There are 2 protein chains.
Amino acid sequence: MAIPFDVLAEPSRRQILDLLLERPRLVGELTEHLGLTQPGTSKHLRVLREAGLVRVRRDAQRRWYELCPEPLAEVDAWLAPYRRLWTDRLDALERHLDTMPELAEVTGGPEPPDAPDAPPDAPPDPPDGEAP
Amino acid sequence: MAIPFDVLAEPSRRQILDLLLERPRLVGELTEHLGLTQPGTSKHLRVLREAGLVRVRRDAQRRWYELCPEPLAEVDAWLAPYRRLWTDRLDALERHLDTMPELAEVTGGPEPPDAPDAPPDAPPDPPDGEAP
DNA sequence: CAGCTATATAACCGCAAGGGCATGAAAGCG
DNA sequence: CGCTTTCATGCCCTTGCGGTTATATAGCTG
């Protein structure tokens, strides 16, 4: 449990980050929003802290937790090559619809073009994909 | 185990997606690259399939797995508001360094500005953040 | 048909993560 | 000083996941 991917797998932790996106928060405040016990919240905060996703500011007994978004850049970096793919498809669809607006009826999705690169044995084009 | 966040938490599954990013692949091929057993690979592929991240094409006994990047858009959407944050900071840093290049020495990171919004009790500015 | 190849499924196991309770620690307040 | 507030830690328990082995299924090949 160290890289942001694991951290983000937890809905409560994503929610914490979403809450901290607005403003710094106290543990009690977060606990209230999350609907779990205070130790539970503290545990998640510990994970977030160790992942470098949050920062603590002490104020007497209270702890102000604030966001540290930098580690998310790693996720964003991993996502980058994939982002091209679906934006390309959406752009193509948009252009297509823009070209012929009288046929603006979309049934399924645009059929992806065949594999650009040739694997050891070229994948053929069977009639159906999956029919249990 | 349904939304892409959980799926991406697994290194092997990210690796599968990375491999499928180049071209469609057979299960055996993926198994080889992953360094785990064939049933293990099939299990991960099942998860990816149910998450809508991959698609199967049958060719006799073989199965060509190909990428389906669309569900990743959800991750990207969640990430969007955070992306602004770190790009803003980096931009600010760049501008700063660009303004005074003779002081181009970075020690830690740029000190984040104080909380923009005022919580119920305004978080003060204690001398130190955390010193165990 | 038998036999081989390629993949999926089932059954099982170990381990770690999430959640709760009880407690400890730090710091204000009467 | 004790009491209260605010949070962190230490156990305990349960669940689910990732991994492996063994078996079933589908389809080619001889």
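Heavy-atom basis, side chains included; hydrogens, waters and symmetry copies ignored. Values in this document were obtained by computation on a predicted structure and should not be read as measured data. Proteins come first, then strands; the chains are lettered A, B, ... in the order of their sequence lines, and each starts at number 1.
Within a heavy-atom distance below 4.0 Å of DNA chain D, the residues of residues 34-41 of chain A found are A:Gln38, A:Pro39.
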Polar atom pairs between nucleotides 28-30 of chain C and protein, under 3.5 Å, N or O only, would you list them?
{"unit_1": "C:dG28", "atom_1": "O4'", "unit_2": "A:Gln61", "atom_2": "NE2", "d": "3.2"}

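Sorted by first and then second residue, the pairs that involve residues 2-22 of chain A and meet ring-ring contact (aromatic ring centres under 6.0 Å, His included), not counting sequence neighbours, are A:Phe5-A:Trp78. Listed by first then second residue, pairs satisfying ring-ring contact (aromatic ring centres under 6.0 Å, His included) with a partner in residues 12-37 of chain B number zero, not counting sequence neighbours.
What separates CG of A:Leu26 from C1' of D:dT5 is a distance of 12 Å, to the nearest Å. In this entry the distance linking CH2 of B:Trp64 with P of C:dA6 reads 11 Å, nearest Å. For the pair B:Leu30 CG and D:dG19 P, the interatomic distance rounds to 14 Å; values are reported in whole Å.
In this structure, the side-chain hydrogen bond (donor to acceptor under 3.5 Å, both in side chains) partners of A:Gln38, at least two apart in sequence or on a different chain, are A:Ser42. Taking the side-chain hydrogen bond (donor to acceptor under 3.5 Å, both in side chains) definition, one finds that A:Ser12 meets it with nothing, sequence neighbours left out.
For the residue pair A:Pro69 and B:Tyr82, the shortest heavy atom distance occurs at CB-O, 4.4 Å. Considering every non-hydrogen atom in both B:Arg13 and B:Asp6, the closest pair reads NH2-O, 3.4 Å.
Put simply, A:Arg58 has a side-chain N or O that comes within less than 4.0 Å of OP1 or OP2 on C:dA27.
In this model, a side-chain donor or acceptor of A:Lys43 finds a partner on the base of C:dG20 within 3.5 Å.
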